[in-house]
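One structure is given below, encoded as structure tokens.
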Amino acid sequence: MKTVSPDTPLSEVILADPSIIPVINRLGIALGTDDRSVAEVATAHRLSPDFLITIINTFASRDYFPATALSRVDMPTMLSYLELTDRYYRHFQIPNIERHFNALVASGPDNSSLTLLRRLFDKAKADLIALIDSDLKSLFPTLRALASGSAVTGDAVPAVDTAASETVEEMLADLLSMIVRNISGEYDPNLCYATVVAVAGLRTDLSKNNRIRNLILRPAALELASK
């Protein structure tokens, strides 16, 4: 997708890449944007146009690097977005996959391959939830305190490290590969397709979110910690 500018109609951005929809939803922006530009929609929702443009471009394009935008990143807004992303994973995407997996396993109750695949997802889920808990209980509160100028207790600021999150991403990729390559026995093909789509959606979202954390949150956090 081409780089989004302030004057780009948000509807064009969404039509070019529908995976943007959960991103704007987390920021309180619903569909029905008419022909309003990204900047106009941002202003209407009391968001910085620079922030919205940076998030969309970083999420949608592997070739985009927000070097000139980093100095304009508002840390509280950034943390609110990432917190909403974590909650979206925990309360929507993970339960959605579980519902599909439960129905898929029930469609082939004697299918041992389905049971194994479900166990692999349960491991990825547990690791992702642990990361979310770490964000919400440690990393985000510490960075929010630093951004407000408050003193932070402890010897070190928690590092913005996406290695563990990227490991979960790899686990989901392995799970998808096993479903496609190794699933066997009796099962409902429609439920299998729905499960694949749901798992692939989480993996893609997680991958793009890791870009945002690496390219925006990490440099901003390092700058805060150095002050």
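- In this view, Asp122 and Arg118 satisfy the side chain to side chain donor-acceptor pair (under 3.5 Å) rule, not counting sequence neighbours.
- Of the inter-residue distances, the one linking Ile21 atom CD1 with Leu15 atom CG reads 8.5 Å to the nearest 0.5 angstrom.
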Show me, pair by pair, the donor-acceptor contacts under 3.5 angstrom made by side chains of residues 172-182, not counting sequence neighbours?
{"unit_1": "Ser177", "atom_1": "OG", "unit_2": "Arg181", "atom_2": "NE", "d": "3.2"}

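- Residues meeting the ring pair (Phe, Tyr, Trp, His ring centres under 6.0 Å) test with Phe59, sequence neighbours left out: none.
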Item checked: Derivation and outcome, side chain to side chain contact (heavy atoms under 4.5 Å, CB included), residues Val38 and Val13 -> CA-CA 9 Å; Val38 173; Val13 178; 4.3 Å; yes
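- Other members of the hydrophobic cluster containing Tyr193, listed by chain and number, are Val197; membership follows side-chain contacts under 4.5 Å among ILVMFWY residues, whether direct or relayed.
- Here CG of Leu27 is found 9.0 Å from OG1 of Thr77. Values are rounded to the nearest 0.5 Å.
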Checklist line | Derivation of the side chain to side chain contact (heavy atoms under 4.5 Å, CB included) call for Met75 and Leu217 | finding: CA-CA 8 Å; Met75 180 60 79; Leu217 182 64; 3.8 Å; yes
Next item on the list: Give the intermediate values and the outcome of side chain to side chain contact (heavy atoms under 4.5 Å, CB included) for residues Thr195 and Leu117.
Entry: CA-CA 11 Å; Thr195 304; Leu117 293 170; over 6 Å; no
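- Between the side chains of Ser207 and Thr204, no donor-acceptor pair is found at a separation under 3.5 Å.
- Residues satisfying the side chain to side chain contact (heavy atoms under 4.5 Å, CB included) criterion with Arg218, sequence neighbours excluded, are Val160, Asp161, Thr162, Asn214, Leu222.
- Every residue two or more places apart in sequence or in another chain that forms a side chain to side chain donor-acceptor pair (under 3.5 Å) with Tyr89 is listed here: Asp205.
- Taking Tyr81 as the reference, nothing meets the ring pair (Phe, Tyr, Trp, His ring centres under 6.0 Å) condition, with sequence neighbours excluded.
- Rounded to the nearest 0.5 Å, atoms CD1 (Ile97) and CG (Leu202) are 4.5 Å apart.
- Using a 4.5 Å heavy-atom cutoff, the side chains of Thr85 and Arg213 are not in contact.
- With sequence neighbours excluded, no residue satisfies salt bridge (Lys or Arg N to Asp or Glu O under 4.0 Å) with Arg203.
- Taking CD1 of Ile56 as the start and CG of Asp17 as the end, the distance is 10.0 Å to the nearest 0.5 Å.
- Qualifying salt bridge (Lys or Arg N to Asp or Glu O under 4.0 Å) partners for Asp127, counting only residues two or more places apart in sequence or in other chains: Lys123.
- Rounding to the nearest 0.5 Å gives a distance of 8.5 Å between CZ of Arg36 and CG of Leu10.
- For the side chain to side chain contact (heavy atoms under 4.5 Å, CB included) test, residues two or more places apart in sequence or in another chain that qualify with Leu131 are Ala164, Ser165, Val168.
- Scanning for side chain to side chain donor-acceptor pair (under 3.5 Å) contacts around Arg90 gives Asp133, with sequence neighbours left out.
- Taken to the nearest 0.5 Å, the CG atom of Leu79 stands 11.0 Å off from the CG atom of Leu84.
- Under the rule for a side chain to side chain donor-acceptor pair (under 3.5 Å), Gln93 has no partner lying at least two apart in sequence or in another chain.
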